Amino acid sequence: MPHLTPGQVPDATPPGRRSARGRRCAAACATVLAAALLLGALLLPNRLDGLTPGAFLRLPAEGVALAALLLALPARARPLCAAAGGLLTGLLALLKGVDLGFHEVLLRPFDPVLDWGLLGNAADYLRETSGRSGELLAAAGAVVLALAVLALTTLAAVRLTTALTRHRRRAARVTLALALAWTACVTLGLRADGVPLAATVDADLVGERVQLVRTSLADARVFRREAARDAFAHTPPGRLLTGLRGKDVLFTFVESYGRSAVEDPATAPRIGAVLREGTASLRAAGFGARSGWLRSPVTGGGSWLAHATFLSGLWISNQQRFRTLTSSDRTTLTGAFRAAGAWRTVGIMPGVGRAWPEGAFFGLDHVHDRARLGYRGPAFGWSQVPDQFTLEAFRRLEFGRRGRSPLMAEIVLTSSHHPWAPVPRMTDWRGLGDGSVFRRIREGGTDAEEVWKDPESVRAGYRDAIAYSLRSLIGFLQRYGDERTVLVFLGDHQPVPAVTGGSPRKDVPVTIVARDPKVLERISGWGWTEGLKPAADAPVWAMDAFRDRFLGAYGPLPH
């Protein structure tokens, strides 16, 4: 007998009974946790703005229906049906988790037909910002998390089925009461935290996604019909771009330069000042400018889709369309310059770090990718080459060569790419060298982890990055532009919702700058605003309309 201290009463409960009580408590806790897990999976919203406490204080119709089905099934069929229901719940929870990311970055849900390729782009982004080890760790973590969710929801459903079977009568009464409560909530329109108490989250999700899949499957046929119409497919080379012969034409994309940069109160004062100062300084150098708006097919990301839309005159809103386009013989805006035979066509691509066969489709004689630019400085977030160095490398490799023929260049500036930290700053053009000068600038910058702790810091980082990109471009034109230079620059898409506040607008600024007044006279009927900043009421065109308007404006002179 164990030793008892004075006043201590011996425990009369036999050890076996204490053990059984503990097992019952553990089993009850496991059942409660299983119910909470399934409830959370069923009620999980697919948008971050829906992640409120009220979202999880609702009655899911799917849960009530599954419980009723399990109670009605024969005993042998219940475990299999429970496992299938739990697995489906887990799959839908994973789909909603992916949707959370897509809504936060691209302002739309995940497309199960067309979006798988974007996962590879996400892996590339992680590799560029966190290294190969960061990419592998993130991929491994995503796989483990997905398998864990599927396993836990399946086991939770089987666990609850066992509890329902053990207390079948009581479970039937509770299920009936929940069904009546759900019906009453629907009838009375009861809401909590702005959302209906009677939820059909997963049923609605499945219905919407089925419709999206049908639309996506039909999209290939729709796109082929659209692509078959090409107003310039049979235009003789001698009649292409006659109004720009002898000019150097630079099409420059400024990453994430969207309407919010120009109009949002958090960014507009700074960016507006940069554009006003740039307009004045370029005017003093003899340049004129006209600006308008284009509506991009994407927002938050997918820059290559916007580039392809702008250059092809087709609405390229998904990877399937992009692949179809780049395997066709469509006349692109850049390809028209090559077809005309009066320009050397080049691409300046600091964001391209591996083979890029699409360059041939876009009509580029030569592509200067990241390695060819000669940059030996540090990366700034995702952007591996600061915009000022990219433009100086273009001058060194192509623009500044003596005795060259006219150039058409597609230039992609990347310093304003998410995550906007750290941000480069302007330095002396003469001292750029191999880019080592940016090491000191990089060391004084703020890391993305610090910036993304606060929404205001994110907006400030975006503002500073856009200002840097615009100053680089304006400075290049001031320094190296002449009467032959025609610059067309535009944004590719709006930034992520963290900056735009979830605005559905997809507009981006577009500007044409030239010293020769005849270049701007040809677009006098477009209604664009004078200067580098488009007015709020300037025309908004779909981005795929630009190719035909540009080729038409600078085609044969009227008789």
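Since the model is a prediction, treat every value here as computed from it, not as a measurement. We use all heavy atoms of the structure for the numbers below, so side chains are in, but hydrogens, waters and symmetry mates are not.
- Atom OG1 of residue Thr485 and atom CG of residue Asp516 lie 11.0 Å apart, to the nearest 0.5 angstrom.
- For Arg547 and Phe232, the positive end is not near the middle of the six-membered ring at less than 6.0 Å and at most 45° from its axis.
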(message) Checking Thr500 against Asp264 for the side-chain contact (heavy atoms from CB on, under 4.5 Å) test, could you report, in this order, the C-alpha distance in whole Å, the side-chain angles of both residues, the deciding distance, and whether it holds?
(response) CA-CA 8 Å; Thr500 65; Asp264 189 282; over 6 Å; no
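- Under the 3.5 Å distance criterion, the side-chain polar atoms of Arg396 are matched with a main-chain donor or acceptor of Leu373.
- A side-chain donor-acceptor contact under 3.5 Å links Asp115 to the backbone of Asp111.
- Contact of the Val254 side chain with the Ser416 side chain is registered, since non-hydrogen atoms from C-beta on lie closer than 4.5 Å.
- Scanning all heavy atoms of the two residues, the minimum distance from Gly475 to Trp429 falls at C-CZ2, 3.8 Å.
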(message) I'd like to know whether Leu487 forms a side-chain contact (heavy atoms from CB on, under 4.5 Å) with Ile512, so could you lay out the CA-CA distance, the side-chain angles of the two residues, the decisive distance to 0.1 Å, and finally the verdict.
(response) CA-CA 6 Å; Leu487 171 66; Ile512 297 180; over 6 Å; no
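- When every heavy atom of Arg209 is checked against every heavy atom of Pro109, the shortest pair comes out as NH2-CB, 3.5 Å.
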(request) Before giving the answer on side-chain contact (heavy atoms from CB on, under 4.5 Å), spell out for Tyr554 and Thr242 the whole-Å C-alpha distance, their side-chain angles and the decisive distance to 0.1 Å. (result) CA-CA 6 Å; Tyr554 295 103; Thr242 54; over 6 Å; no
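- Inter-residue side-chain proximity for Leu250 and Phe489 is flagged as unmet; no heavy-atom pair is nearer than 4.5 Å.
- With rounding to the nearest 0.5 Å, the separation of CZ in Phe389 from OG in Ser436 is 8.5 Å.
- Side chains of Trp343 and Leu241 form a contact here, defined as non-hydrogen atoms less than 4.5 Å apart.
- Between Leu364 and Val367 there is a side-chain heavy-atom pair separated by less than 4.5 Å.
- Between the side chains of Asp387 and Ser472, no donor N or O sits under 3.5 Å from an acceptor N or O.
- Expressed to the nearest 0.5 Å, how far OG1 of Thr331 lies from CG of Leu311 amounts to 12.5 Å.
- Of the options Trp293, Phe310, Trp526, Phe550, a ring pair (Phe, Tyr, Trp, His ring centres under 6.0 Å) to Trp541 is made by Trp526 and by none of the others.
- Rounding to the nearest 0.5 Å places OG of Ser328 at 7.5 Å from CG of Leu314.
- In this structure the side chain of Val352 never reaches within 4.5 angstrom of the side chain of Glu358, judged on heavy atoms.
- A 6.0 Å sphere centred on CZ of Arg214 holds no more than 12 heavy atoms belonging to other residues, nucleotides or ligands.
- One N or O on the side chain of Thr332 and one on the backbone of Gly335 form a donor-acceptor pair closer than 3.5 Å.
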(message) Walk me through whether Glu521 and Lys518 qualify under salt bridge (charged side-chain N to carboxylate O under 4.0 Å, His left out).
(response) CA-CA 5 Å; Glu521 285 173 9; Lys518 293 180 181 178; over 6 Å; no
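- Side chains of Arg290 and Thr511 form no contact here, defined as non-hydrogen atoms less than 4.5 Å apart.
- Checked against the 6.0 Å centroid criterion, the rings of Phe251 and Phe337 qualify as a close aromatic pair.
- Under the 3.5 Å distance criterion, the side-chain polar atoms of Ser260 are left unmatched by any main-chain donor or acceptor of Val499.
- The closest side-chain donor-acceptor pair between Asp492 and Ser303 falls under 3.5 angstrom.
- Every residue was checked against the side-chain hydrogen bond (donor to acceptor under 3.5 Å, both in side chains) condition with Thr299, not counting sequence neighbours, and none meets it.
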(request) Apply side-chain contact (heavy atoms from CB on, under 4.5 Å) to Ser281 and Ile474, showing your working. (result) CA-CA 9 Å; Ser281 62; Ile474 294 167; 4.1 Å; yes
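- Salt bridge present: Asp507 and Arg259 bring a charged side-chain N and a carboxylate O closer than 4.0 Å.
- For Trp528 (side chain) and Ser524 (main-chain N/O), no donor-acceptor pair under 3.5 Å exists by modelled atom type.
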(message) Could you walk me through whether Arg471 and Asp464 satisfy the salt bridge (charged side-chain N to carboxylate O under 4.0 Å, His left out) test, starting with their C-alpha distance in whole Å, then the side-chain angles of each, then the deciding distance to 0.1 Å, before giving a yes or no?
(response) CA-CA 10 Å; Arg471 284 192 172 124; Asp464 294 345; over 6 Å; no
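- Listed for the Asp369 side chain is a donor-acceptor partner under 3.5 Å among the backbone atoms of Arg372.
- Between Ser291 and Ala538, the shortest heavy-atom distance links the atoms O-CB, 4.4 Å.
- For Leu532 against Ala289, the heavy-atom pair with the smallest separation is CD2-CB, 3.7 Å.
- The local environment of CZ in Arg440 is sparse, with at most 12 non-hydrogen atoms from other residues, nucleotides or ligands closer than 6.0 Å.
- Distance alone, capped at 3.5 Å, places no donor-acceptor pair between the Glu410 side chain and the Ile348 backbone.
- Salt-bridge formation is detected for the pair Arg321/Asp219: a Lys NZ or Arg NE/NH1/NH2 atom is positioned less than 4.0 Å from an Asp or Glu carboxylate oxygen.
- Heavy-atom minimum distance, Arg376 versus Arg439: O-NH2, 2.7 Å.
- No salt bridge links Arg344 with Asp248; every basic N to acidic carboxylate O contact stays at or beyond 4.0 Å.
- Side chain of Gln494 to main chain of Gly300: no donor-acceptor pair is present (N/O by atom type, distance under 3.5 Å, no hydrogens or angles).
- Of the inter-residue distances, the one linking Arg370 atom CZ with Trp356 atom CH2 reads 13.5 Å to the nearest 0.5 angstrom.
- Separation of atoms CD1 (Ile466) and CZ (Arg270) is listed at 11.5 Å; rounding is to 0.5 Å.
- Remark: side-chain polar atoms of Thr235 are not paired, donor with acceptor, to backbone N or O of Leu240 under 3.5 angstrom.
- Counting only heavy atoms from C-beta outward, the side chains of Glu255 and Leu413 never approach each other to under 4.5 Å.
- Remark: the backbone N or O of Arg338 is not paired with any side-chain donor or acceptor of Thr345 at under 3.5 angstrom.
- Within the 4.5 Å cutoff, no side-chain heavy atoms of Pro495 are placed close to those of His418.
- The minimum heavy-atom distance linking Glu104 with Pro497 is given by the pair O-CD, 2.6 Å.
- Crowding of Asp329 atom CG: a count of heavy atoms from other residues, nucleotides or ligands under 6.0 Å not exceeding 12.
- Under the 6.0 Å cut-off for aromatic ring centres, Phe399 and Phe476 qualify, their centroids lying closer than that.
- Under a 4.0 Å N-O distance rule, the pair Arg295/Asp544 does not qualify as a salt bridge.
- Salt-bridge check for Arg401 with Glu398: passed, with a basic side-chain N closer than 4.0 Å to an acidic carboxylate O.
- Aromatic rings from Trp420 and Phe380 are positioned such that their centres are separated by 6.0 Å or more.
- In this structure, Glu483 does not pair ionically with Lys247, as no charged nitrogen and carboxylate oxygen lie closer than 4.0 Å.
- Of the charged side-chain nitrogens involved, none lies within less than 4.0 Å of a carboxylate oxygen, so that Arg47 and Asp99 do not count as a salt-bridged pair.
- The pair Arg395-Glu392 meets the salt-bridge criterion, since a charged nitrogen lies less than 4.0 angstrom from a carboxylate oxygen.
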